[in-house]
Amino acid sequence: MIDQIKALREQRARLIADAQALIPAGNKAMNAEQRGKFDRMIADAQVLKGTIDNLETLDAEQRSQTARAANNPRPGQHAESTAKSNLRDFMRTGERRAAISTGSTSGGYLLNQEMYPEIVEAQKMFAGLSLALKPWHTDTGIPVKVPMSNDTANLASDITDGAASTEVEVPLTGFISQVDDFDSGYVLVTVAELEDANYDVEAFVRNRLSKRIYRALAQKLVTGGTNIQSVITSATAGNTSAAPTTVGYADLVGLYSQLDPAYLPNAKWVMNQGTRNSLLSIMDNYGRPLFVPSVNKDELDTILGHPVVISPYHPVMAAGVAGCVQFGDFSEGFTLRDVSNMMLFRLVERWLPDYGSYGFLAKARFGAFATNAGTNPVYNLIQHA
């Protein structure tokens with residue numbers, strides 16, 4: 001399967017390269033035929049990307065199942081799986097073992113009949129931006145004083161022999177970091193369902209509840225929350241694009257040139273998928289594609305040699321909008337604070353007497369704040385009004 005994934009990645013890269021080859025020199029407008037071919041190729045590339053992602057997920061699951069099978073031989077026909085036993089014990093007694101919970105919504109219970117081995121999940125990319133920020137783990141959610149200093153304007157002085165030194169204090173500022181509570185919403189499972197579960201319940205519920213939490217976090221990092229500063233409004237205003245609803249090569253070069261060289265080694269581009277797709281047809285001044293797709297699993301696509309991070313909640317290109325494209329070192333510009341680990345709560349009394357069901361709820365606490373002490377590690381592209 002690894003060879004198949006590699007071949008598909010190479011095919012996608014060739015497809016994008018062929019699409020970019022259709023772009024006329026000098027960034028001239030495409031004719032109708034060229035535009036039609038270009039759009040079809042990009043659409044095919046997007047389909048390949050989805051296939052690659054699905055194959056990688058399947059490959060990872062197969063590897064996980066193989067590892068589990070090696071360490072936990074399949075029980076006999078009348079034996080009970082460890083995951084199923086642990087889950088039932090947790091639901092009945094609250095004892096925490098390896099497994100956690102399963103779920104339902106508003107009476108739509110998961111029916112444990114004979115089923116396809118995998119539950120098909122609707123996917124949505126969401127974690128890229130949070131991984132680009134500087135992580136800070138705290139054991140509690142109490143307010144914490146965060147000190148900041150910008151000493152870049154102070155230089156050592158050249159003095160004569162025997163001359164007295166002068167006092168040059170380090171400028172210090174600070175603020176209080178607090179966190180927001182994130183709630184997944186509860187899910188229900190019947191006692192009968194618990195007895196009949198014939199799939200990996202632990203992985204199913206852990207993935208769904210945690211993804212609810214992190215999708216919400218990804219959105220709040222863009223829009224802002226009570227104690228989560230937006231990466232858009234907290235960034236520095238950069239250059240203004242030449243057109244209100246498009247981004248050109250000169251716009252990106254202008255944004256690139258504004259960033260302090262100290263931040264370039266770890267700098268990233270952040271944008272939504274629609275903006276990324278619009279950049280696929282842009283050439284530099286020498287007729288080379290600006291956007292370079294990666295053929296390796298562990299590498300990101302690049303623009304001007306820097307990785308592209310997709311954030312689905314970033315603003316779309318529109319007149320006067322700030323931050324549809326961002327560039328900079330996000331690990332230096334923002335800190336993401338998480339408290340302890342995501343917690344799972346077992347809710348018994350509310351639903352068990354009337355519905356014969358248990359409820360499960362996930363909670364987590366996060367805070368995020370800008371760490372720009374005046375040196376501007378992240379810039380927003382401003383769309384022309």
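All values derive from a computational prediction rather than experimental measurement.
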Using residues 329-336 as the side-chain source, report each donor-acceptor pair under 3.5 Å to any protein atom, sequence neighbours left out, with the distance given to one decimal.
from	atom 1	to	atom 2	distance (Å)
Asp329	OD1	Asn266	ND2	3.2
Asp329	OD1	Ser331	N	3.1
Asp329	OD1	Ser331	OG	2.5
Asp329	OD1	Glu332	N	3.4
Ser331	OG	Asn266	ND2	3.0

Under 3.5 Å: donor-acceptor pair, side chain of Trp269, backbone of Ile303
yes
Taking the side chain as everything from C-beta on, heavy atoms only, tell me whether Met342 gets closer than 4.5 Å to Phe182.
no
Do Tyr263 and Tyr379 have their ring centres less than 6.0 Å from each other?
no
Would you call the rings of Trp351 and Tyr186 parallel, tilted or perpendicular, where under 30° means parallel and over 60° means perpendicular?
tilted
Any Leu8 side-chain heavy atom under 4.5 Å of Thr51 side chain:
yes
Side chains of Ile213 and Asp183: closer than 4.5 Å at any heavy-atom pair?
no
Side chain of Asn272, backbone of Pro312: donor and acceptor closer than 3.5 Å?
no
Between Asp251 and Ser241, do the side chains contain an N or O donor and an N or O acceptor separated by less than 3.5 Å?
no
Would the distance check show the side chain of Thr233 and the main-chain N or O of Gln229 forming a donor-acceptor pair, the cut-off being under 3.5 Å?
no
Atom NZ of Lys220 with >12 non-hydrogen neighbours under 6.0 angstrom
no
Sidechain-backbone polar pair: Arg337 side chain, Thr138 backbone, donor-acceptor under 3.5 Å
no
Ala373 to Ser149 - nearest heavy-atom pair and separation:
CB-O, 3.5 Å
Note, Leu133 side chain near Leu221 side chain (heavy atom, < 4.5 Å):
yes
All heavy atoms of Val247 vs all of Val325, minimum pair found to be CG2-CG2, 4.3 Å
If you define the side chain from C-beta out and look only at heavy atoms, does anything of Leu22 sit under 4.5 Å from Met41?
yes
Does any non-hydrogen side-chain atom of Phe327 lie less than 4.5 Å from one of His306?
yes
Val231 vs His314 side-chain heavy atoms within contact, under 4.5 Å:
yes
When you check the side-chain N and O atoms of Asn150 and Thr152, is any donor under 3.5 Å from an acceptor?
yes
Can any side-chain N or O of Ser234 pair as donor or acceptor with the backbone N or O of Ala370 at less than 3.5 Å?
no
Using side-chain contact (heavy atoms from CB on, under 4.5 Å) as the criterion, point out the one residue from Val378, Asn380, Asn372 that pairs with Thr236.
Asn372
Looking at Arg40 and Asp44, is any side-chain nitrogen of the basic one under 4.0 Å from a carboxylate oxygen of the acidic one?
no
Heavy-atom side-chain proximity of Arg212 to Val187 below 4.5 angstrom:
yes
Under 3.5 Å, side-chain donor or acceptor atoms of residues 157-175 against the rest of the protein: list the pairs with distances, not counting sequence neighbours.
from	atom 1	to	atom 2	distance (Å)
Thr173	OG1	Met148	O	3.4

Without swapping roles, check the side chain of Ser278 against the backbone of Thr275 for a donor-acceptor pair under 3.5 Å.
yes
Would you find a donor on one side and an acceptor on the other, under 3.5 Å apart, between the side chain of Gln219 and the backbone of Ala216?
no
For Ser357 and Leu188, which heavy atoms make the closest approach, and how far apart are they?
CB-CB, 4.5 Å
By side-chain contact (heavy atoms from CB on, under 4.5 Å) - contacts of Arg365 (at least two apart)
Val179, Asp181, Val339
Might you confirm whether atom CG of Asp139 has over 12 heavy atoms from other residues, nucleotides or ligands at distances under 6.0 Å?
no
Would the distance check show the side chain of Asp180 and the main-chain N or O of Phe366 forming a donor-acceptor pair, the cut-off being under 3.5 Å?
no
State whether the side chain of Ser184 and the backbone N or O of Ala362 hold a donor-acceptor pair below 3.5 Å, judged by distance alone.
yes
Could you tell me whether the side chain of Gln258 and the main chain of Asn239 form a donor-acceptor pair under 3.5 Å?
yes
Between Ile282 and Gly248, what is the shortest heavy-atom contact and its length?
CD1-CA, 4.0 Å
Provide the closest heavy-atom pair for Pro315 versus Ala322 in the form atom of the first, atom of the second, distance.
CG-O, 3.8 Å
